[in-house]
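Take a look at the structure set out below.
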Amino acid sequence: MATIYLDHQATTPADPAVVEAMTFAATHHFANPSSPHAAGIRAFREVERARGAVARLVGAGRSEIYFTSGATEGNNLAIKGVVRPGERRHVVTTAVEHKSVLDTCRSLTAAGHEVTVLPVDTAGRVTARQVAAALRPDTALVSVMLANNEVSTVQPVAEIGAVTRAAGVPLHCDATQGVGSLPVDVRELGVDLLTFSGHKIYGPKGIGVLYVSNRLADRAPLLPLLHGGGQERGLRAGTVNTAAVIGLGAAVAVLAERRAEEAVRLAGLRELFLSELAERVPYTLNSGTGPGFLPHAVNLSFAGADAQQLLLEVTDIAVSTGSACNSSAQEPSHVLRAIGLSPERIRGSIRIGFGRFTTEQEARQAARSLAEAVAKAAVGAPTAARPA
Ligand code: PMP
């Protein structure tokens, strides 16, 4: 039985245009783009072309784009690059950030810095007013994600950007989940640092983007995490992953063309899925489905169900319980806890994300399979309430 893949927040399949570009690049542009010979220069030109495509996607200048290995590295570099060791400084972030932001911030506290983690409302949102109230004279950085990987909440980053701009504090935005569905313009958002990964936008794994505004770079250059050959203008040493960069460029080109219409189609698939499901089994939404939430995703709970058990039953669909990025940790999702869900509702929660290659038939079949598994589990359970 073919798997219906509905875990597009965890990763996306590579677009055929990406595979084609990477295959060509691996064969024809294998030379080191730092090498001064003709083959190296050709590879360099391709890398720079991809950098230009990425810059255009987010409204940045080409010189403001740095390639990393992914959002985890980008988030580490953005945060540790600004908050230097030795100075005791303050950082503001939110309770629903990805672990690559939260744990990076936590690592700063061990080095003597202070971190304020802002709570969110039941939709998973922070306000610009909360950020304004948290700023201190020694605040070195604010880090707020564009959209949440578990409950799809889009944060008011532009409003927060207006606050941080006025205060002269750099703003970092982890745009990993948002950039595939939302228009992103670094100047409209008012961010100085922005990060994302190739593999969430139908590009390759192991490649990511860090945007650093020229304004910030001129005022206080970031401290690199990796030292070595001076690649990426000294900010990220290590031979550039040419094929992955070129693949990312191809992914970005497809995205720029399709994002708006794709968002509408995927919101339609989600509607179809939810109405098919509602005909068969009751559920509670843990994420919003209107404006202010990602169009392609939904998080829901089945009362009394154990989502992990359910997924063992539903072998034909790939979905996730909580964040797949840290699914090795068997603790309840920090995001679902932060929005105030009970342990019982968290236990029954499933995250579903539709993608570029999902069909209507798959959306319908997924609803049917899930509903069947829920019904089966309800028959098997001795009572609706399960031991805590
Ligand atoms: N930030 C967010 C919001 C994410 O969803 C993820 C991946 N799940 C990351 C950062 C980390 O990305 P990567 O694993 O590609 O480094």
Side-chain angles (χ1 to χ4, degrees), residues 5-14 18 54 58 66-81 93-107 117 120 124-126 142-155 157 171-182 184 189 191 193-211 225-226 236 238 241 244-245 247-248 251-252 255 287 293-294 296-299 318-329 333-336 338-339 351-355:
Y5 185 79
L6 299 179
D7 199 12
H8 290 86
Q9 299 94 329
T11 195
T12 54
V18 170
V54 170
V58 298
Y66 300 84
F67 293 118
T68 64
S69 64
T72 298
E73 185 190 330
N75 290 341
N76 272 265
L77 180 51
I79 296 167
K80 294 179 194 160
T93 189
T94 86
V96 293
E97 299 301 310
H98 188 262
K99 291 281 185 187
S100 57
V101 167
L102 280 177
D103 285 356
T104 301
C105 287
R106 281 193 192 113
S107 79
V117 180
V120 294
R125 195 164 284 120
V126 283
V142 173
S143 179
V144 177
M145 70 201 320
L146 182 58
N148 187 266
N149 45 308
E150 294 192 53
V151 290
S152 304
T153 319
V154 178
Q155 300 293 358
V157 177
L171 174 61
H172 164 239
C173 178
D174 173 4
T176 308
Q177 290 292 336
V179 74
S181 326
L182 308 168
V184 172
L189 292 176
V191 297
L193 298 148
L194 182 123
T195 39
F196 61 93
S197 262
H199 71 101
K200 311 276 187 183
I201 55 168
Y202 307 90
K205 293 173 178 55
I207 192 78
V209 170
L210 167 64
Y211 155 80
L225 296 176
L226 302 179
R236 204 278 180 178
N241 186 350
V245 167
L248 176 64
V252 159
L255 183 62
S287 61
F293 294 90
L294 292 174
H296 68 291
V298 68
N299 192 309
V319 289
S320 144
T321 60
S323 172
C325 314
N326 61 328
S327 60
S328 51
S333 145
H334 70 282
V335 173
L336 298 183
I339 65 168
R351 179 185 78 169
I352 297 150
F354 302 92

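We count ligands from 1, going down the list as the structure has it; atoms in each ligand are counted the same way. Both backbone and side-chain heavy atoms feed into the values below; hydrogens, waters and symmetry mates do not.
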Ligand-side contact atoms (ligand 1) for residue partner Met145, heavy atom cut-off under 4.0 Å: 3 (C)

Min side-chain heavy-atom separation Val184-Phe196 under 4.5 Å: no

Donor-acceptor pair, side chain of Thr72 and main chain of Ser100, under 3.5 angstrom: no

Nitrogen or oxygen atoms of Glu73 and ligand 1 under 3.5 Å apart: no

Polar contact flag for Gln9 and ligand 1 (N/O pairs, less than 3.5 Å): no

Gln177 vs Leu294 side-chain heavy atoms within contact, under 4.5 Å: yes

Atoms in ligand 1 flagged as close to Ser197, the criterion being non-hydrogen separation under 4.0 Å: 12 (O), 13 (P), 15 (O), 16 (O)

Donor-acceptor under 3.5 Å (Thr195 side chain, Ala71 main chain): no

Exercise: do Thr153 and Asn148 side chains pair donor with acceptor under 3.5 Å: no

Side chain, backbone, both or neither: the part of Lys205 lying under 4.0 Å from ligand 1 by heavy atom: neither

Ligand 1 atoms in contact with Lys200 (distance to a heavy atom under 4.0 Å): 5 (O), 6 (C), 7 (C), 8 (N)

Lys200 side chain near Asn149 side chain, heavy-atom distance below 4.5 Å: no

Side-chain heavy-atom pair Lys80, Ser107 within 4.5 angstrom cut-off: yes

Per-atom contacts of ligand 1 with His199, taking only distances under 4.0 Å to non-hydrogen atoms: 13 (P), 14 (O), 15 (O)

Backbone or side-chain N or O of Asp174 under 3.5 Å from ligand 1 N or O: yes

Glu97 contact mode with ligand 1 (heavy-atom cut-off under 4.0 Å): neither

Whether Gln155 side chain and Arg125 backbone form a donor-acceptor pair below 3.5 Å: no

Structural part of Asn149 in contact with ligand 1, heavy atom criterion under 4.0 angstrom: side chain

Ligand 1 contact on Ser100 by region, counting heavy-atom pairs under 4.0 Å: side chain

